[in-house]
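Worksheet: the structure to be examined is printed underneath.
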Amino acid sequence: MRDPVAAYKLLRRLRNYLIHIVEHIQPSLQCKQYHDELKAKIPQREDLNGAASGLIRLQAIYRLYPEDITNETSLNADEAYHVGLVAYNEGQIQLAFLWFLHSLNRLTAYSSTMEDELLHYLSFSAYYFGSLPQTYFSQQLLNQQNPTNERVKLELNRLFHFLSTSNADIFTLNTESSNYEALCRGQIDERTSQRQMALSCRYSTGGGNPRLMYAPVKEEVEWDEPRIIRYHDIISDREIDILKNISRFQLSRSQTGGGTISNIRVSQSVFLKEDENVARISQMIADITGLRTNKSSENLHVQNYGIGGRYEPHYDTGDDENERIATFLIYMSDVEIGGATVFPEVGVALKPKKGSAVFWYNLRKNGNVDLNTEHAGCPVLRGSKWVANKWIHEYGQEFKRPCSLSYWE
C-alpha cells in the first residue's frame, strides 16, 4: 500500500478480525483444516509491532510529528497508543511521548486505552527525556489523577523535579542529524549541486560493444569521484512486471551476511534463478558495464521495501577473497516520497526512477575498498520501492578492469 499509516491500520484490523473469527469457530472434523489454515494466516504480534516500528523509523529519519504522518489517514487513540508503546520500548522516548499525547487527544468513550495509563507513560517519558517545559501537562495530571494514589505522587514528584532542572523541549523535534538522514530528507549541499551541474550525459556503446552499436544506452554521470553512473530506460515495463511476478511469492525477510534478520536492513528479497528472463538482464548488464557476469557475479537479487523499509549506511564489500568489485542497481518502480539511494560520504542522493539503473565500483583499481562508496537506502515514506541488484565479483575481471599498483587508483 502506498500509505504506511493505512497499511498499519489494515494489518491491525486484519489481525483483530481473524482472531475474532477463529475464536468463534468450533473446530469440528469438517472444518478443522479450514480452522487451522485460518489460524496460521493471522498476523502475529511481532508483525504488528514491526509495522509500528516502521512508522517510528519514518518519523525519526524525516523528522515528522504524529500529525504529519497521519495527515491523510488518522489513527484512533488505541492505535496511537500502540505505536507509542513500541517507540517507548525501542528507547525512542521523545517520539513515544508525542504518540501518547496524540492518543490522549483522541480518547473517546469507545477507546479501550485508559487515560490514567496514558498519563502514566506520558509522565515517565517526560522523566526519562528530562524535560517538560509546559505547565499544561503537569496541570492535567493534577486535575485528572487521584492525589492519594501513591504511584501518581511518585510520578508527579519526578516530573516536577525535571521541570525545575531541565530546559530541553520534548515537544520540539531536534533538527540536527547525520549526513545520511539529511540526504534522505533532500537536504543537499549547494556545493554538491553546483558540482553535479558540471557533469554530463551521453549515449554509450559500452566501449564499442556490438550489441550497443545500433542501440546505445542513455548514460548520465551522477557523480565523478567515485564515479556513479545512471543508465536511463534500460529495462521495459514488461520486463519489470515479469521480474516482479517471478519474485512476488518467493519474497522473505532480507538477511545480513551472517544469515540473520537485522533491523539494519528492513526489506523482503529473493535471489532469482537464472532462467531466460533473468539471463537476458544479466547479459544486458555485461554489455553496458563491460564486465563479466557469467560465473563472476551473484544471482539477480530482487528486493521490495514496505512500511519504513530501508537499508542503513553500509558497503557492498566484506572481507572475502573474491570481493564484490561493482554494484548494478536497477529501479523497478518510482517512489512518491522517500526511498532514495544516498552516499553520505560525498553528499549525493539518487531518486528512484522506474526503468533506470545506477552503477558504481566498490573497489579501487588497487583492490582496496573505496570508502566513498558507503551508501544507504532511505526509508520509503509513501509508495512501494522495488529494486534489483546485480553484484559483480573480482574473479574474471582481470582483463576487463586491470589492477593498478598505485595507492591512489
Side-chain angles (χ1 to χ4, degrees), residues 179-180 183 192 195-196 198-209 212 216-232 234-235 257 281-301 303 311 313-331 340-353 356-377 387-409:
N179 284 349
Y180 157 56
L183 287 169
T192 299
R195 186 168 168 181
Q196 285 178 310
L199 302 177
S200 60
C201 303
R202 65 182 65 84
Y203 284 100
S204 171
T205 61
N209 189 298
L212 300 179
V217 292
K218 302 172 185 175
E219 180 182 288
E220 177 184 2
V221 182
E222 294 276 10
W223 197 247
D224 51 0
E225 184 59 42
R227 192 171 177 81
I228 304 171
I229 305 294
R230 187 191 291 261
Y231 297 99
H232 295 270
I234 63 161
I235 183 171
I281 302 296
S282 297
Q283 183 61 59
M284 177 265 295
I285 294 173
D287 293 339
I288 291 175
T289 63
L291 299 175
R292 288 186 58 186
T293 57
N294 183 26
K295 297 181 181 180
S296 297
S297 65
E298 299 172 40
N299 288 348
L300 193 68
H301 188 229
Q303 298 180 82
Y311 199 171
H314 65 283
Y315 297 99
D316 280 349
T317 55
D319 192 22
D320 298 329
E321 181 180 350
N322 183 17
E323 196 52 86
R324 292 171 173 171
I325 191 174
T327 297
F328 197 92
L329 174 63
I330 302 172
Y331 294 114
T341 304
V342 299
F343 292 77
E345 293 298 319
V346 295
V348 174
L350 308 178
K351 184 176 176 60
K353 183 180 179 183
S356 72
V358 290
F359 170 75
W360 67 88
Y361 283 102
N362 300 303
L363 303 180
R364 296 182 178 276
K365 287 187 175 181
N366 59 18
N368 293 330
V369 176
D370 189 340
L371 299 181
N372 287 329
T373 61
E374 183 189 41
H375 60 285
V387 298
N389 285 90
K390 188 70 171 178
W391 286 302
I392 304 170
H393 286 256
E394 288 181 280
Y395 290 179
Q397 316 302 340
E398 293 83 358
F399 300 103
K400 300 290 186 178
R401 193 195 192 216
C403 298
S404 172
L405 299 179
S406 170
Y407 177 82
W408 305 106
E409 290 186 299

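Shown here are the salt bridge (Lys or Arg N to Asp or Glu O under 4.0 Å) partners of R227, two or more places apart in sequence or in another chain: there are none. Shown here are the side-chain contact (heavy atoms from CB on, under 4.5 Å) partners of S297, two or more places apart in sequence or in another chain: T293, K390, I392. Among residues two or more places apart in sequence or in another chain, the salt bridge (Lys or Arg N to Asp or Glu O under 4.0 Å) test is passed with E374 by none. Residues passing the side chain to side chain donor-acceptor pair (under 3.5 Å) test with R324 are E298, sequence neighbours excluded. Remark: D316 engages no residue in a salt bridge (Lys or Arg N to Asp or Glu O under 4.0 Å) (not counting sequence neighbours). With sequence neighbours left out, the side chain to side chain donor-acceptor pair (under 3.5 Å) criterion links Y315 to no other residue. Listed by chain and residue number, R195, L199 satisfy the side-chain contact (heavy atoms from CB on, under 4.5 Å) test with D224 (two or more places apart in sequence, or in another chain). With sequence neighbours excluded, no residue forms a salt bridge (Lys or Arg N to Asp or Glu O under 4.0 Å) with K353. Take T205 and apply the side-chain contact (heavy atoms from CB on, under 4.5 Å) test, not counting sequence neighbours, and it matches L212, M213, P216. Residues that satisfy the side chain to side chain donor-acceptor pair (under 3.5 Å) test with E394, not counting sequence neighbours, are absent from this structure. Residues meeting the side chain to side chain donor-acceptor pair (under 3.5 Å) test with N389, sequence neighbours left out: Q303.
Heavy-atom neighbours of E321 CD from other residues, nucleotides or ligands within 6.0 Å: at or below the threshold of 12.
Side chain of Q397 to main chain of R292: a donor-acceptor pair is present (N/O by atom type, distance under 3.5 Å, no hydrogens or angles). N372 places no side-chain N or O within 3.5 Å of a backbone atom of P226 that could act as its donor or acceptor partner.
Pairs engaging residues 400-409 under the salt bridge (Lys or Arg N to Asp or Glu O under 4.0 Å) rule: none recorded [sequence neighbours left out].
Classification of the H314-Y311 ring pair by plane angle, with boundaries at 30° and 60°, yields parallel.
The line from CD1 of I234 to CD1 of I330 is 5.0 Å long, rounded to the nearest 0.5 Å.
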